[in-house]
Peer 1: 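A single structure is presented below for examination.
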There are 2 protein chains.
Amino acid sequence: MAGSVHRGAGGGDLPFTDPAGRPTLRTVAELAGVHVSTASRVLNQVSGPGVRSASRTTSERIRRIAQRVGYSPNPHATGLRTSRSNLVGVLVPRLVDIVLATIYEGIEEATATYGFSTFVANTGDDPVAQRQRTEMVLARRVDGMIFGDAYIDGGFLDEIAGRGVPFVLVSRRAGAHPSVTCDDVLGGRLAAEHLLGLGHRRLAVIAGEPYASTGIDRTAGFRAACAEAGVEVPEARVVHSGFDTEGGRAAMVEILAGGDVPDAVFAVNDFAAVGAMGVLRDAGLAVGRDIGVVGFNDVPLAGSLPVGLTTVRSPMHEMGVRAAHLLMRRLRGEQVESERLVPSLVPRASTLGVEVGWSGARGVGPGSGAGAPGSTPDRPAPRTPTPR
Amino acid sequence: MAGSVHRGAGGGDLPFTDPAGRPTLRTVAELAGVHVSTASRVLNQVSGPGVRSASRTTSERIRRIAQRVGYSPNPHATGLRTSRSNLVGVLVPRLVDIVLATIYEGIEEATATYGFSTFVANTGDDPVAQRQRTEMVLARRVDGMIFGDAYIDGGFLDEIAGRGVPFVLVSRRAGAHPSVTCDDVLGGRLAAEHLLGLGHRRLAVIAGEPYASTGIDRTAGFRAACAEAGVEVPEARVVHSGFDTEGGRAAMVEILAGGDVPDAVFAVNDFAAVGAMGVLRDAGLAVGRDIGVVGFNDVPLAGSLPVGLTTVRSPMHEMGVRAAHLLMRRLRGEQVESERLVPSLVPRASTLGVEVGWSGARGVGPGSGAGAPGSTPDRPAPRTPTPR
DNA sequence: CTGAAAGCGCTTACAG
DNA sequence: CTGAAAGCGCTTACAG
């Protein structure tokens, strides 16, 4: 079967194919009447004007034949010979998290333009899985790695760096390792300034996992901006959480259990915000009227929710693309610098209709009304606008 | 650097490492004082009781040393020699669709138990990308493929099958190619029976892409159950759509534009349902009170929405796992059969509070109340319960 | 029970 | 401009 199914586009059985019937370099060379080394040189030639690895006619013949038989080099042979695989390993907490999936799409897209393929693995933010999956990926002889699941302390990453594996981080930073992140401190500030501007003073934070720089920095930025405005966010109203809806639910329950209902909540992740909204609904609080909620990332769904979610948009796809480019530069041996991309606030109904010291913030910032197709129309004007 | 960073766990530089300083089979053999062929035989030996490829003491010594130096076989060398890569290629429409991401997690998890790694690629359901990504994956010499983006006509897949590439389908079926799907016809029926049982008669369907068996079968099952109950679903109220929130929005707008407001809508995908809910909200219709909405898949978010979404749960993760097992069996040369997994209805607030001929459906089916942590509490009893 | 050889499909100095 | 050789790290009959 193998010998009969894989044929060149030219039809007919080919000489010197591999066991699966695919054409090899030898197939091309033989058909062109040249030595395989000549075929190799021609096919790998950087198409510069000055350099030539064979006469024009020979080169053209080889290329034509390669094309006709559908030659594609065996990556195992190439990899064995060159000890380069054109493979990168990507570790993420979970691909079902749309934030990471979007980042990964950017990585995949950008690495493909360099002729690289990617292995992705989920680690669930579990240190044991991180080690195990990293070893598995390394055993595949990837040329480099991108970690989307860094712990802020970075002990494991130091170790990997010590073994000489080139890598970059994405989404989360750790130590001095090169990373591409959102400016999370700024993002937290944007959320705080928005809520403060609307007159909120009793604020709570659903802060994410304590080991992730995203949650840490967003929370820090939020609290810093509050402090500058003379507003304190007490420890009891800053609770850690998973980044998913369930995490948001649990955190919101804990905050409400404090007995002390905030007038607005900042969740460092949209899905956590959705979970929080569910709890608030069950508690009889109308989000966007009785209480404000701000999320982070601006996932596509945020604007389509029954109550549109005000959120801080982070350039997820772009982060993935940039991380891929950064890794490619590292693989070329260049010295690289970390990059921090700028977030922006997207105001929607979950904060714009709340009846606390409203200050005309409506329409402020990008995306407020004319935003994405999924954006939420503004609510009717709140009843008691009280300009600052 | 290379020579100094990669060392065995035993410390010290190793002899006969690869260019990156990793131990090779030769490293192990040399250290054990045997020929590399002996080391290879021992390390690859299926640990059966009868068969031995070396004396006990020799075997143990080789294994101990391999372990100590952290030997892992070079997959390029193994692949070149055996023409097997232990790699599978996975094509999906989009990994940012949590449905596909969940399926992929199942695939990845299950293939890993066989020592396989996976390449995933997004095709965006674009036929050109499908071809291009398939060729790219095949050029990596995968042993088999899993397609999550099959078109119902399956022309492209027939071609791939004709080239002798072993593959299975997941999520969507096509032609006679082996597939693991949800019983989508049954799922559509469950949705219809639920709505009919609640007294709904003016039904609409957001049917998904016309080339995807998921949407086709769910719609067919829905309409068949309606027909059997003597309820007609006119063509004008069955509209195709993308599977995302934006697709659901567009479809709902189109349905409403018909001038003829349904009393319930079945969307073949939860995210499309969320998009539809957004449009209904904007149109001043209260979902779960003025109009019923049913989705499909039961993504984690469904139960956390401000109005909990009634939906048909499909075993997404399980589908991925089964598809992986099915492919592995194909790779062993076994004859395989398609599998169809059973869906179940999860009633929530988006249908349980609607004021049309209510029939005591509350509490029917699994997951109605005691469901996931994210499930939505039932609404207060509707005002005019009218048993069938 | 173990070794020696051949060869998988490439690339890369090195000759000529 | 082109060929010939060596070798990447394995596995697998084949001897002995």
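All of these numbers come straight from a predicted model, not from anything done at the bench. So you know, we letter chains A, B, ... as the sequences are listed, proteins then strands, and number each from 1.
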Peer 1: Using a strict cut-off of less than 4.0 Å between a Lys/Arg side-chain nitrogen and an Asp/Glu carboxylate oxygen, indicate whether A:R131 and A:E159 qualify as a salt bridge.
Peer 2: yes
Peer 1: What is the distance from CZ of A:R141 to P of D:dG9, rounded to the nearest Å?
Peer 2: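 After rounding, the gap between these two atoms is 9 Å.
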Peer 1: By the 4.0 Å heavy-atom rule, please label A:F16 as base, sugar-phosphate, or nothing.
Peer 2: nothing
Peer 1: Examine C:dG9: is either OP1 or OP2 under 4.0 Å from a nitrogen or oxygen in the side chain of A:T24? Give yes or no.
Peer 2: no
Peer 1: Provide, to the nearest angstrom, the distance between the CG atom belonging to B:L80 and the C1' atom belonging to D:dC8.
Peer 2: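 Computing the B:L80:CG to D:dC8:C1' distance gives 9 Å.
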Peer 1: So do B:L25 and B:L43 actually touch side chain to side chain, heavy atoms under 4.5 Å?
Peer 2: yes
Peer 1: Looking for any heavy atom pair under 4.0 Å, which part of the strands does B:S40 touch: base, sugar-phosphate only, or nothing?
Peer 2: base
Peer 1: Rounded to the nearest Å, what distance is computed from the CZ atom of residue A:R22 to the P atom of nucleotide C:dC8?
Peer 2: 15 Å
Peer 1: Within the 4.5 Å heavy-atom criterion, are A:T27 and A:Y71 side-chain neighbours or not?
Peer 2: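 They are not in side-chain contact.
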Peer 1: Is the closest side-chain heavy-atom distance between A:D143 and A:P166 below 4.5 Å?
Peer 2: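 A:D143 does not reach A:P166 side chain to side chain.
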Peer 1: Given that both distances must come in under 3.5 Å, which nucleotide forms a Watson-Crick or G-U wobble pair with D:dG3?
Peer 2: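 Looking at the geometry, D:dG3 pairs with C:dC14.
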Peer 1: Does OP1 or OP2 of D:dG3 have a side-chain N or O of A:T38 closer than 4.0 Å?
Peer 2: yes
Peer 1: Between the side-chain atoms of A:R41 and the base atoms of D:dG3, is any donor-acceptor pair under 3.5 Å?
Peer 2: yes
Peer 1: Looking only at side-chain N and O atoms, does B:T82 come under 4.0 Å of OP1 or OP2 in D:dC10?
Peer 2: no
Peer 1: Can a side chain N or O of A:T58 be found less than 4.0 Å away from OP1 or OP2 on D:dC1?
Peer 2: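 Answer is no, no contact under 4.0 Å.
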Peer 1: Whole-Å distance between C:dT2 C1' and B:R56 CZ?
Peer 2: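 Those two atoms, CZ and C1', are 18 Å apart.
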